[in-house]
Amino acid sequence: MLNPSKNHHIAQVDDMTWEPHVMGESIRKVLDLDADRDSYVHYRYVPPGGAPEGRRLHLSINETFFFLGGDLPSWEFDSAHDHAGHVIDFNAGTFMDRMPFSIHGRRPQPPSRTGSTLLIWTSGGGEFEADPVESIQIPFTGKPPTFDAPFTKPTVIDSRAIKWEAHPLRTGWRWRPLSTIAASATTTERPVSLVYIPPENHDVLALAPAPRRSWVFVLSGGLGVEIDGQSADLKENTYMRWNPGVTPILPNNVSPVGCTLLCVGHDLSTG
C-alpha cells in the first residue's frame with residue numbers, strides 16, 4: 001500500500017505486479033499517489049496494434065510523459081474542426097507535456113508495432129482519462145462542442161537529439177534539460193531533466209531542500225542514496241520521491257556504467 005504522507009517513497013518496478021488500466025488494454029504499475037492533488041505517477045504499458053478512432057481533450061489536467069521503449073503513434077489536432085490531424089510516433093526518449101485543451105487521440109492506422117512502455121505523471125484528476133466531465137470527446141462528425149479557452153499543442157522533445165551538456169552545478173556530471181514551462185499549482189512538477197552521473201564521480205553531496213514534491217527514476221545504472229537517515233540502493237527502474245524540505249544525500253556506490261536519472265521537480269542542486 002502506498003503511503004503518500006511519508007517524507008519519501010521508493011518503488012522498484014520489477015518488484016511490482018501489473019494491474020488493469022481504464023484505457024483500452026493498457027496495464028500499469030502505480031509508482032506513487034498524491035492524495036492532496038489526486039495525482040499519480042504510473043509506469044504504463046500500451047500493447048501493440050491500433051486503437052478505435054477517437055479524439056478528446058482534458059479541461060484542467062496537465063499530463064506529462066517520458067517514453068521508455070517501443071513506439072506509440074498518437075494523433076494530434078489543431079482544433080475541433082481539424083479532422084485530418086497529424087500523427088506523432090512517440091519512441092524511447094520522447095518527452096511529451098500536454099496542457100489542458102490539447103486535442104489528441106488514436107486511430108487504427110498506423111498501429112503501434114511493438115507496444116510502448118512509458119512513465120506518465122499528472123497534475124491531478126485520478127483516473128481522469130475515463131472521466132466524462134474532465135475528458136471531453138471531440139467527434140469527427142456533426143457539430144463539435146464549443147469551448148471558452150483556446151486550444152493548445154503539446155510540447156514534444158526527442159531527448160536523444162539533445163546533446164549532453166555540462167551540468168551547471170556538478171563537475172563531471174552531464175544533463176539534458178527538458179521542461180520549458182514554469183512550475184505552478186496547475187502543472188506537473190518542474191523542472192524536468194535527464195542527468196548522467198559518471199562512475200568515477202563518488203563525491204557525496206546533500207541536495208538543497210526541495211521546494212515541491214520531487215522524484216527521480218533510474219533509467220540505467222544505479223547509485224546509493226541516503227534519505228531520512230536511511231540508506232537505499234537505487235537500481236535501474238527504481239522510483240524515489242521526496243517531499244518539500246527533505247534533503248537526500250547522494251551519490252554513493254555509483255555503478256560501473258554510471259547512472260542516468262530522469263529528474264522531476266528538482267535540478268539536483270547542492271545545499
Under 6.0 Å between ring centres, would you say that holds for [X] and [Y]?
{"X": "Y43", "Y": "F66", "result": "no"}
{"X": "F128", "Y": "H58", "result": "yes"}
{"X": "W242", "Y": "H8", "result": "no"}
{"X": "F147", "Y": "F101", "result": "yes"}

I need the [X] [atom1] to [Y] [atom2] distance, nearest 0.5 Å.
{"X": "L31", "Y": "I120", "atom1": "CG", "atom2": "CD1", "value": "11.5 Å"}
{"X": "K29", "Y": "D15", "atom1": "NZ", "atom2": "CG", "value": "8.5 Å"}
{"X": "E226", "Y": "T247", "atom1": "CD", "atom2": "OG1", "value": "11.5 Å"}
{"X": "D71", "Y": "T94", "atom1": "CG", "atom2": "OG1", "value": "10.5 Å"}
{"X": "L261", "Y": "Y196", "atom1": "CG", "atom2": "OH", "value": "11.0 Å"}
{"X": "I181", "Y": "T155", "atom1": "CD1", "atom2": "OG1", "value": "5.0 Å"}

Quick check against the 3.5 Å criterion: does [X] have a side-chain atom that pairs as donor or acceptor with the backbone of [Y]?
{"X": "H42", "Y": "R44", "answer": "no"}
{"X": "N252", "Y": "V225", "answer": "no"}
{"X": "T152", "Y": "P100", "answer": "yes"}
{"X": "E19", "Y": "V30", "answer": "no"}
{"X": "T187", "Y": "S184", "answer": "yes"}

Which atom pair, heavy atoms only, marks the closest approach of [X] to [Y]?
{"X": "R55", "Y": "S79", "result": "NH1-O, 3.5 Å"}
{"X": "E134", "Y": "I61", "result": "OE2-N, 3.1 Å"}
{"X": "V216", "Y": "C263", "result": "CG1-SG, 4.0 Å"}

Between [X] and [Y], is any side-chain donor less than 3.5 angstrom from a side-chain acceptor?
{"X": "R190", "Y": "T188", "result": "yes"}
{"X": "N62", "Y": "D97", "result": "yes"}
{"X": "Q137", "Y": "S135", "result": "no"}

Of the options W75, F67, F65, which is the one that meets F90 in a ring-ring contact (aromatic ring centres under 6.0 Å, His included)?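 Considering W75, F67, F65, a ring-ring contact (aromatic ring centres under 6.0 Å, His included) with F90 is found only for F67.
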Among W215, Y40, F217, which residue meets the ring-ring contact (aromatic ring centres under 6.0 Å, His included) test with W121?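 With W121 as partner, W215, Y40, F217 yield a single ring-ring contact (aromatic ring centres under 6.0 Å, His included), made by W215.
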When you check the gap from the basic side-chain N to the acidic O, do R98 and E76 get nearer than 4.0 Å?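 E76 and R98: salt-bridged.
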